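Read through the structure below, which is laid out as structure tokens, and then see the notes.
Keep in mind that what you see is a predicted model, and the values were worked out from it rather than measured. Proteins come first, then strands; the chains are lettered A, B, ... in the order of their sequence lines, and each starts at number 1. Heavy-atom basis, side chains included; hydrogens, waters and symmetry copies ignored.
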Number of protein chains: 2
Amino acid sequence: MEDFTRKLITEWRRLDLPFSGKKIILAVSGGADSCSMAFALFQLQKAKKITNTFIVAHLNHNLRGQKSLDDASFTEELSNQLNFEFVTQKINSKPSKGKNLEEWARKKRYEFLLKTAERFGSKYILTAHTLNDQAETFLMNLIRGSGLEGLSGMKVMGSLRSEKEVFHVRPMLTWADRNDVTDFIKRNGIRHRNDEMNENSDFRRVKIRKELIPFLTKINPQIVQTLARTSILVGRENELLNCLINQEIDKRKLNDDSFLPLKKLGSLSEAMLYRVLRSWVLKNRGTLKKVSSTHIKSIALLVSGKKSGKFVELPGFSRVVKENGKLLFQITEVEK
Amino acid sequence: MEDFTRKLITEWRRLDLPFSGKKIILAVSGGADSCSMAFALFQLQKAKKITNTFIVAHLNHNLRGQKSLDDASFTEELSNQLNFEFVTQKINSKPSKGKNLEEWARKKRYEFLLKTAERFGSKYILTAHTLNDQAETFLMNLIRGSGLEGLSGMKVMGSLRSEKEVFHVRPMLTWADRNDVTDFIKRNGIRHRNDEMNENSDFRRVKIRKELIPFLTKINPQIVQTLARTSILVGRENELLNCLINQEIDKRKLNDDSFLPLKKLGSLSEAMLYRVLRSWVLKNRGTLKKVSSTHIKSIALLVSGKKSGKFVELPGFSRVVKENGKLLFQITEVEK
């Protein structure tokens, strides 16, 4: 068995994925990574090592006209050759102006993948993320400015929906780098499309891939592995911290979401206070999107009395008010 | 008052440093950063804003012959001009082969600074670390491969010795970047030596300073500030985590340093187990130097029984043994 395929099945075993009788969705863009994943699973299928039903799911984001159509037909052809079922969908909307293109495309993709899983009664969606994707995402977030949350790596396996659980599995994330994929592609003459989406979508990601990582490799030849490992480690520590913080919140009876008593907040260490405030804002607001560390810092200064005024405005029509010895969360206007 | 000097005194107030009557050691290499710090304090002294006794301490590492001597005389001259006392010492040993030069020099420097503080009965040693130093160190450790510990930033104020406390203060760390220093130097015609030590000592640091940071600045013009803030934030979260972990260790009665019961370890989450093992090895070994995450992982595998064998060798003549349902720490040979 080839190195690449052997590593894939080893990871399959480690993750306790089913070896037979299940329907499994493969997200395939037509790029090198996802074509390699599909091909390796085809080899394992042929060798009777794994006998599931694989369904190739391809979303046509419809951002590059004929080229997008060509990607879709290419992926369909590949699926036929591998004897995998093929499902596709074409998006007819465009992202609204000012929206992050990469984020919009990702959202659409996961909606489609989840719908496909539902349609086939599948519990597993597999994407072909590699060590390089992990390292690039880490660097993107680092350069933009992130706390532990943002520096936490993607997970090998996560849940996409809680009822009728659907798992998002990244079976190449912990071991495959770009060279592994390129070698596998070459050895087996696997055809694939150039992932132009990757080339154009975000200038920062392209700069990181084409310039920054090659530069860092000159200092540490194992930089991709190193950064991927760091991001996993940060993710693990961050989760542990969240879990211990929640214990503390319960213990100190700071778990009434509707308000926080200033007196109790005053006795917390700075780091602990920041964490408690973040967690409380998250619960009340539903998300921390657009809430920066500067917002949390302002709330902390409101608590300590080092900031004048009685409230801190948060993005999205909400604010935190200091009143009668308490912090309160208020919606200032209903979003249209 | 100039911007630079005003920011320095604002930080001075924030850190609650003494404004008069104290002896304060200034570590001055003769480079731009430390000459700026000394000059700004001289201005504040002249304006009667701060009236302490400042003592310039300069260590001659004696690594560059005549140039090292010139640095020392330059710094002495500067001290005379500023009317600050001057203390110097010349190192006559060389780092043994294979030792990290930067580390050796740092060790010698802090020995000298601490001795100087002792001699003058001073409680404060000031070094001129900037946001750039913080960002560079973060990147060094990131590229080398580090956990939260290694990614934690330098502190603005730390204790160098516990009895007869001596504080190490970095009064420029949170606000001064290279441009601030350069501007201040130009405006005031402050003379300084080129920090050749910085130019040559470690090729990675030089690469980071001269190539990596300029490259990253093209993606995020505030990259130095961003990375410095991230490292401070990681440090704070790491400390919080350590503190909560120690609480857990006490609660679960895992605080007998001589052994760890396997049964209790088995019930810990992976991240928690790693942290407990690290902390236990640290207590027994006195340091985590040369102990990598791979060592800790091996011990974790020993705990779970996924690793065959009964012990894990650690660098520096020590090992962890699994015996009678316990983990034990053993010294295998006394280091000469």
Mind checking which of residues 240-255 of chain A sit less than 4.5 Å from chain B, heavy atom to heavy atom?
-> A:Leu240, A:Leu241, A:Leu244, A:Ile245, A:Gln247, A:Glu248, A:Lys251
Side chain from CB out, backbone as N, CA, C, O: work out which of these in A:Ile223 comes under 4.5 Å of a heavy atom of chain B, or both, or neither.
-> side chain
Separation of B:Leu139 CG from A:Leu142 CG (nearest 0.5 Å) = 7.0 Å
Using a cut-off of under 4.5 Å for heavy-atom pairs, which of A:Ile143, A:Thr230, A:Ile219 has the most such pairs with chain B?
-> A:Ile143
Under 4.5 Å from any heavy atom of chain B - which part of A:Arg275 = side chain
How many angstroms lie between atom CG of A:Leu148 and atom CG of B:Leu233, to the nearest 0.5 angstrom?
-> 6.5 Å
Drop me the distance from B:Lys207's NZ to A:Leu216's CG, to the nearest 0.5 angstrom.
-> 10.5 Å
Qualifying side-chain hydrogen bond (donor to acceptor under 3.5 Å, both in side chains) pairs, either residue in residues 214-224 of chain B, two or more places apart | B:Asn220-B:Thr226
side-chain contact (heavy atoms from CB on, under 4.5 Å) between A:Leu212 and B:Leu212: does it pass, once the steps are laid out?
-> CA-CA 8 Å; A:Leu212 180 54; B:Leu212 182 54; 3.5 Å; yes
Chain A: which of B:Glu239, B:Arg236, B:Arg229 shares the most heavy-atom pairs with it under 4.5 Å?
-> B:Arg236
For atom NZ of A:Lys264, is the number of surrounding heavy atoms from other residues, nucleotides or ligands below 6.0 Å larger than 12?
-> yes
